[in-house]
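For reference, the structure discussed in these notes is given below.
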There are 2 protein chains.
Amino acid sequence: MLEPMNNRNRQILEAIIEDYISTAEPIGSGAIRSRHGLSLSSATIRNVMSDLEELGFLASPHTSAGRIPTEKAYRFYVDSLLAVRSADRSERDEIRRRCAVAGRDVEGVFREISQTLSSVSHYMGIVAAPRFTAHIFRQIEFIRLGGRRLLAILVSQSGSVQNRIIELQEEIPAEHLTKMANYLNSILTGLTIAEVKSRIIAEMQSEKSNYDSLMADALKLWQQSIDNGEEEIFIEGQANILDQPEFADVQQMKNIFRAIEQKSQLLSLLDSCIQAPGINIFIGSESHLNSMSGMSLITSTYVSGKNTLGVLGVIGPTRMGYSKVIPIVDYTAKMLTRLLTVD
Amino acid sequence: MLEPMNNRNRQILEAIIEDYISTAEPIGSGAIRSRHGLSLSSATIRNVMSDLEELGFLASPHTSAGRIPTEKAYRFYVDSLLAVRSADRSERDEIRRRCAVAGRDVEGVFREISQTLSSVSHYMGIVAAPRFTAHIFRQIEFIRLGGRRLLAILVSQSGSVQNRIIELQEEIPAEHLTKMANYLNSILTGLTIAEVKSRIIAEMQSEKSNYDSLMADALKLWQQSIDNGEEEIFIEGQANILDQPEFADVQQMKNIFRAIEQKSQLLSLLDSCIQAPGINIFIGSESHLNSMSGMSLITSTYVSGKNTLGVLGVIGPTRMGYSKVIPIVDYTAKMLTRLLTVD
DNA sequence: AATTAGCACTCGCCGGTCAGGAGTGCTAAT
DNA sequence: ATTAGCACTCCTGACCGGCGAGTGCTAATT
C-alpha cells in the first residue's frame, strides 16, 4: 500500500524539489544522497522515489534519467512552506531603497516597483495598477486646447491622473467650463469613481439639471471624460527570464512573449487575486492560461487604508525559487502599501 | 580589374539580396539563375558573385555555401531603392483605419501607432513620444491631495499631460495655490517648455518676485513640477520578431531584449534622427549600438505645424523587407503628422 | 519487515564515420 | 566574354558504438 506522506518521504521530496530548482536537471537517487548527506542508501531512495512517482509528485523524462517534480509537487512544497521566513536582509534593503527613490508621478512608482521585483527576484516583475474605478474622486478639470478640442483631467485622492481629449460639437466658453467643473466637483467629491457613475445617473434624472442646461451638459461631458478602458499593467525584466535554461527552447519563449503582449488574460487573472488578499500562487496550469504553461505566478495584494487597490507579483518558470520569491513579493507588497498610505 | 558596378552586376546583386530577404538562406549561383530567369549560365554568375564578394557586397559563410549580402549590400540596395513606391493599398488602409481608432489620451495614440507599425510590418514598432521640452506650455494646475502632498499637472498645447506629486515642507492654503498657478500661467503662456526654463530663471532674478514671496514660491514650485526625466518610448510587437529565423539563436535574442529594456541607448539614437527630417535608415552596425548588431532600424520623423516633434519607426533584422517597410514607416509618419495637426 | 548491495538493463549523449548534395573555383573550350 | 566540365570543399543527416548516469529487480543483510 502507498503510505501517503511520512516524514522521510516528505524530506526526500523536498530535497528533490530544491535540487531541481537550483540545477534544472533531473535528479537521480545517487545525487540526492550525496548532496544532502542522508543516511540512506541510494536503493532506498529509489524505492521512495518510485512511490512518489506513483503518487503523482514526480515524473521521469525517460527511463534512465533522474526525476523531476510535477506541478503537484511544487504545490505540496509551497503549501508546506507556509512557515514563510521573511526576505533576506539585503533583499529587504534593496526593495526599501528603490521604493524610496520612486518619487515622481504615480505611474512611475508602479513601473519602478515592477523593475524592483524583477531585479531582486531575477524573474519578471508585474504590477497591476489600481482599477481606476476604485479610486476616490478628487477633482476634475477641463482645459481648452485649440479649437473645439477639450482636455478633461481627472484626479483621484491618491494622485492618480487620467486624462482624455474630447472633440466638442461646438465651442464652450471658458467661464462655462469652470462652472461645469465646479458643479461636478461639488457633487462628486469623496465618492469612488464607481459610485460616481450611479450618482451621475441620478443627477441626470433630477429636476435641477433638467432646468439648467449647463449642468446637463456638464454631466454629458463627464461621461465622455471617463475612460472605462483597460487597466494598466507594468511588466518588467523580460530579459531576465531568458537566462533561465528552460527557455533554450524557442517555442516556449514565444508563448510567454505573446502572453505578455496581450495582457488582457493576464490582467483578468490578476484581477481575480484582488478577492483573495495576501499571497496567491499559481503553479503552471493552475492559472488556466495555456500561455502560462510551464510558468508560475506569485502575487500579493497591496492596500491603501482598508480597501485593496491592486496586485503585484513575479512571473517565473514553475521551477522557481519559491522560498526566496514569496518573501520578496510579500515584502514588496507591504512596502507599496506603506508608500500609498503615507498620507 | 574590378569594374565597380555595371548594370548586370547590380541586377545580380539585387536578385541575391531579394532572394535572401525572402528565404533567409545563403543564395547559390544556380538558385539565382533559375529563380530570376536570367539568360546567363551559373558559371558567369559565379564570376560576378566572386567580384561582388571582393568588393565587399557579399560574404560566404563557408566555402561551399551560397552567399549572403553584407551590410554594405543592404546599404547599396536601400540607396538605389530611392524610387520608393508608396505602401500597398491594403497596408495604407489598415494604417489609416487604426489611426482613426486611436482616440483616447495622447499617450494612447502613440501606443496604438506603435502597435500598428508592428502589425503591418511584422517587425517591431517603435515610437518616441515628443520630448516634453519641445511642447508649448498651455497651463499648470496645482491640486492638493491629502496632507502636504501636492499634485502638479502640466498641460501642453497639444494635450499632452505631465503630472507629478510634490511633497511640501509646509501646507499651502488653497487660495495661494490658485494665485500661484495664475501667476505662472500668465507669464508662461505660449512658450515652449524649454523656453520656460530660461524665463523662470529670468523671472527669479527680477525684482518683482523678490518682493513677493508668493511668486518666489511659485517659481520654486515650478522647478519641482517639471520632470526632466527620460522621454517615453513605445515599443510593441516584440513577439513578432521571434518568428524571424535568425533568432533561433537564443543569444541574439537576449541582446535585443536587453536593448529594448534599457531604452536609453535606443532613445538617443532616435533623438539623433530628429535633426534629419524624413526617412532614416540604420543598417546593422550603422547604429553604433552593439546591442543592435544584426538589426536594422527604419525611422521617420513626425511633425506638427513647422517643428518636428518626434520619431517613429520599425526595428527588424538586417535581412528586412526594406521595400515594404520603408513605405509603411513613411506613410505612418504622415498619418501621425496629420493626426497631430488636425487643429 | 525494512534496508541495502549487486547487477542487468535502458537510454540519452557524444564523437566518429560515411554518403549525399549544394556550391565553388579553376581550366579549357566556345 | 561566356560557358561547360570537373575536381574539390564543406555542411547535413544518418548511422553506429561506447560511455555514464540512473533505474528496477532480486537476493542478501540487519
Side-chain angles (χ1 to χ4, degrees), chain A residues 1-13 15-17 19-20 22-55 57-70 245-246 248-249, chain B residues 1-13 15-17 19-20 23-70 245-246 248-249:
Chain A
M1 202 50 249
L2 297 173
E3 190 178 338
M5 233 344 133
N6 62 37
N7 201 27
R8 195 181 64 183
N9 287 10
R10 163 214 203 88
Q11 208 177 346
I12 289 177
L13 179 56
I16 294 173
I17 294 173
D19 277 15
Y20 185 69
S22 63
T23 66
E25 269 164 22
I27 309 297
S29 54
I32 206 172
R33 197 179 69 99
S34 59
R35 259 197 292 242
H36 292 261
L38 297 182
S39 56
L40 290 170
S41 77
S42 63
T44 310
I45 295 181
R46 271 202 295 285
N47 288 331
V48 173
M49 286 168 91
S50 175
D51 289 355
L52 289 171
E53 179 163 7
E54 216 155 328
L55 285 166
F57 289 106
L58 296 178
S60 31
H62 57 85
T63 326
S64 78
R67 297 225 178 36
I68 60 175
T70 60
E246 28 264 281
D249 168 32
Chain B
M1 203 50 249
L2 297 174
E3 190 178 336
M5 230 349 127
N6 61 36
N7 202 27
R8 196 182 62 183
N9 287 10
R10 163 213 203 90
Q11 209 177 345
I12 289 178
L13 179 57
I16 294 173
I17 294 173
D19 277 15
Y20 185 69
T23 66
E25 269 163 23
I27 309 297
S29 56
I32 206 171
R33 197 179 69 99
S34 60
R35 259 199 292 245
H36 292 260
L38 297 181
S39 56
L40 290 169
S41 77
S42 63
T44 311
I45 295 180
R46 273 203 293 285
N47 289 331
V48 174
M49 286 168 91
S50 173
D51 290 355
L52 289 172
E53 178 163 7
E54 215 155 330
L55 285 166
F57 290 106
L58 295 179
S60 31
H62 57 86
T63 327
S64 78
R67 297 226 180 35
I68 61 176
T70 61
E246 28 265 282
D249 169 33

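FYI, side chains are in, hydrogens and waters are out, and symmetry mates aren't considered; it's all heavy atoms of this structure. What you are looking at is a predicted structure, and each value in this text was computed from that prediction instead of being measured. Residue numbers start from 1 in every chain, and the chains themselves are labelled A, B, ... in the order their sequence lines are given, proteins ahead of strands.
- To the nearest 0.5 angstrom, B/Ile68 atom CD1 is 10.0 Å from B/Glu53 atom CD.
- Taking a pair as Watson-Crick or G-U wobble with both distances under 3.5 Å, the runs of three or more consecutive pairs in DNA chain C are C:1-30 with D:1-30.
- The separation between A/Asn6 atom CG and C/dA1 atom C1' is 15 Å, rounded to whole Å.
- When the P atom of D/dT3 is taken as reference, atom CD1 of B/Ile45 falls 9 Å away, rounded to whole Å.
- A search for side-chain contact (heavy atoms from CB on, under 4.5 Å) contacts involving B/Ser50 returns B/Arg67, not counting sequence neighbours.
- A/Thr70 contributes no side-chain N or O that, together with a main-chain N or O of A/Ala59, makes up a donor-acceptor pair within less than 3.5 Å.
- Across B/Ala24 and B/Pro245, no two heavy atoms sit closer than the pair CB-CG, 3.7 Å.
- Phosphate proximity of D/dT3 to B/Arg33: absent, as no side-chain N or O sits under 4.0 Å from OP1 or OP2.
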I'd like to compare against my own output: the B/S/- annotation of nucleotides 21-30 of chain C with a strict under-4.0 Å heavy-atom distance to protein.
-BBBB-----
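- Of all heavy-atom pairs spanning A/Ile27 and A/Met49, the tightest one is O-CE, 3.5 Å.
- Considering B/Asp19, B/Ile16, B/Ile12 in turn, B/Asp19 is the only one that fulfils the side-chain contact (heavy atoms from CB on, under 4.5 Å) rule with B/His36.
- Side-chain atoms of B/Ser41 come within 3.5 Å of backbone atoms of B/Thr44 as a donor-acceptor pair (strictly under, hydrogens ignored).
- Protein atom CD1 of B/Ile12 is 14 Å distant from nucleotide atom C1' of D/dA1, rounded to whole Å.
- Summarising the geometry, atom CG belonging to A/Leu55 is positioned 8.0 Å from atom CG belonging to A/Asn9; distances are rounded to the nearest 0.5 Å.
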